[in-house]
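Per chain, numbering begins at 1; letters A, B, ... match sequence-line order. The analysis underlying the following values was restricted to heavy atoms, covering all of them including side chains, and did not include hydrogens, waters or symmetry mates.
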Amino acid sequence: MTDLWWHLSRSSGVVATVLIVAALVCGLFFKSRATGVRRRPNWWLDLHNYLGGLAFVFAVVHVLAVYRDELSGIGLVQILVPFTAVGWRWGITLGVVSGYFFALVVFTSWPTRHGSRRTWLLVHLLSIPATLFVGTHAWIVGSSRDEVWFQLLLVVLVGLVMYPAVLRLFVLVAPRRTVSALSVGGEREPASTGGQR
Amino acid sequence: MWMMDSMNAGSSPHVPRSGAVDRPIDPLLAGRPKPQRVDPPSRRRHPARSARAVALAASAASTAGLAAWIAYGEGAFEASGNSESATAPNLPGISPHLIPSSTHAVDSAAADLATDDLVTDDELAAVPDDGDPGAAEPLRDEVTSDDVLARSGTSTLADGVFIGTAEDTEWGDVQVEVTVVDGRIVDIEAIEIPGGRRSSQINGRAEPILEADAVALQTSDLDIVSGATYTSITYADSLQAALDAAALAAEPPGVAGA
């Protein structure tokens, strides 16, 4: 039972990583207008908001469990200040920096949006490098990094992020007519004029 | 009569067909589509309410389940589950936190010499022979515990790479390789150190501390790293053995036997 906090830190870290990727995927699909016809866009946005907050909560659980684990060598200073950890210095630093990024993203969006839209958007985009840092942190410091299931999970998560990310980049680059033709679910129906259907 | 007439009349728009219920037609709704469903305010605010609940439940269950599965895989539920921090090392009547490192290192080195377990022949063979006369096999039988006790932290060391003894722990061996340049320790590499997830986590933190201390202080008289008791002790033992080999290699031939 002395390793309870260690086990909890590992599991909460894995779950937080999955939630972060899920939130990012939902946000990228929503922003790309590629949410399909089965669910309304506001459904995706609501889920994206919730998953982001839930990911932050589980990240806090992960940090608390690491702090409570007496053998981790991670204290308050190592949690708050980058480059102060002994052993896996870069791995821990990436985790600390990604934590700060996610805190910025969450608290500039909840409970209300802060700042101008442009400022808010720039801060919100920090979630992308933060996700990359989280993945690298898990790869370097993760206690399960030598296990096949962990490596497969990271590969799957990378793949899940790549598709909507590429789609979003395509939306940014391609002309609008091409985008509407390629949106999931086919072409959009013409706007109703109020007549009979 | 007028009722019979009205029932039989079929051309009037207000005369119902046979079996049909007479329903007045609202002129305001005529020709308009059916009104859409109006969601309650809570559903308008959180359209993905069910998905949110599923995500929360799945996350909590995954965390608990994964922690239990990891613990099971680590043998945490076994009766003989051990961890480096669970019990004090099996030193005769001495708690590790009360042992002055210097005394322990000397006693350990003396014990090693007494059991003729300084540097094995195979380990010496692995040391590159640069023509240094000290690289030959040390006169192990000639070294006594008095010589060990007489050694200070910084004795004359021969240049080269020296491998210490493989110190056994419950989770694996600890063995270090020391690089000496100009009589000073410049690098220490743990060529053997317990693996496994928990040990890797502990030793990944402890090894850099031990190496940094040893290089800075130029001695094997190291403080025990908290939470890495076994690693600290065996690391110091192996390091001392390597330094002993380096010191013996630095002595002119014939002096060790005097």
Side-chain angles (χ1 to χ4, degrees), chain A residues 1-16 18-19 22-23 26 39-51 53-55 57-58 61-62 65 69-74 78 85-89 91-92 141-147 149-150 192 194-197, chain B residues 31-34 39 43-77 81-87 195-212 225-229:
Chain A
M1 293 303 289
T2 56
D3 294 338
L4 170 66
W5 291 112
W6 179 51
H7 299 317
L8 182 60
S9 70
R10 292 170 65 182
S11 62
S12 59
V14 170
V15 172
V18 173
L19 288 172
C26 285
R39 297 283 185 187
R40 289 178 287 182
N42 61 349
W43 184 92
W44 288 89
L45 181 62
D46 185 41
L47 187 60
H48 162 75
N49 294 339
Y50 186 75
L51 288 178
L54 195 62
V57 167
F58 275 83
V61 170
H62 170 70
D69 181 20
E70 296 173 351
L71 300 182
S72 66
I74 303 296
Q78 286 75 33
V86 179
W88 302 302
R89 180 167 296 183
I92 302 292
V141 185
S143 300
S144 305
R145 62 187 179 278
D146 295 330
E147 299 198 41
W149 68 267
F150 188 80
S192 172
Q196 291 183 358
R197 287 178 166 254
Chain B
R32 286 198 173 190
K34 293 181 181 178
D39 294 330
R43 182 165 289 276
R44 282 199 299 268
R45 274 199 308 270
H46 304 298
R49 203 164 44 176
S50 57
R52 287 154 65 112
V54 169
L56 177 61
S59 301
S62 297
T63 301
L66 192 57
W69 182 61
I70 290 171
Y72 178 76
E74 298 288 336
F77 298 121
N82 290 321
S83 71
E84 187 158 333
S85 64
T87 58
R197 284 169 289 280
R198 191 49 156 165
S199 295
S200 295
Q201 185 196 31
I202 295 169
N203 297 330
R205 176 176 59 89
E207 187 195 344
I209 297 174
L210 294 168
E211 180 184 350
V225 176
S226 175
T229 307

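Heavy atoms of L45(A) lying under 4.5 Å from chain B are absent altogether. Both the backbone and the side chain of L47(A) come within contact range of chain B, judged by heavy atoms closer than 4.5 Å. For S9(A), no part lies near chain B; criterion is any non-hydrogen pair under 4.5 Å.
Heavy atoms only, all atoms of each residue included: P47(B) and W43(A) are closest at O-CD1, 3.3 Å. Scanning both residues, D46(A) and R52(B), for their nearest heavy atoms gives OD1-NH1, 2.8 Å. Closest of all the heavy-atom pairs between A55(B) and Y50(A) is CB-CE2, 4.5 Å. Nearest heavy atoms, A60(B) versus F58(A): N-CZ, 3.9 Å.
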Inset, instruction - Could you go through the side chain to side chain contact (heavy atoms under 4.5 Å, CB included) check for W6(A) and I70(B) one step at a time? - result: CA-CA 10 Å; W6(A) 179 51; I70(B) 290 171; 5.7 Å; no
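To the nearest 0.5 Å, atoms NE2 (H7(A)) and OH (Y72(B)) are separated by 13.5 Å.
Annotation: side chain of V14(A) is not in contact with side chain of T63(B) (no heavy-atom distance under 4.5 Å).
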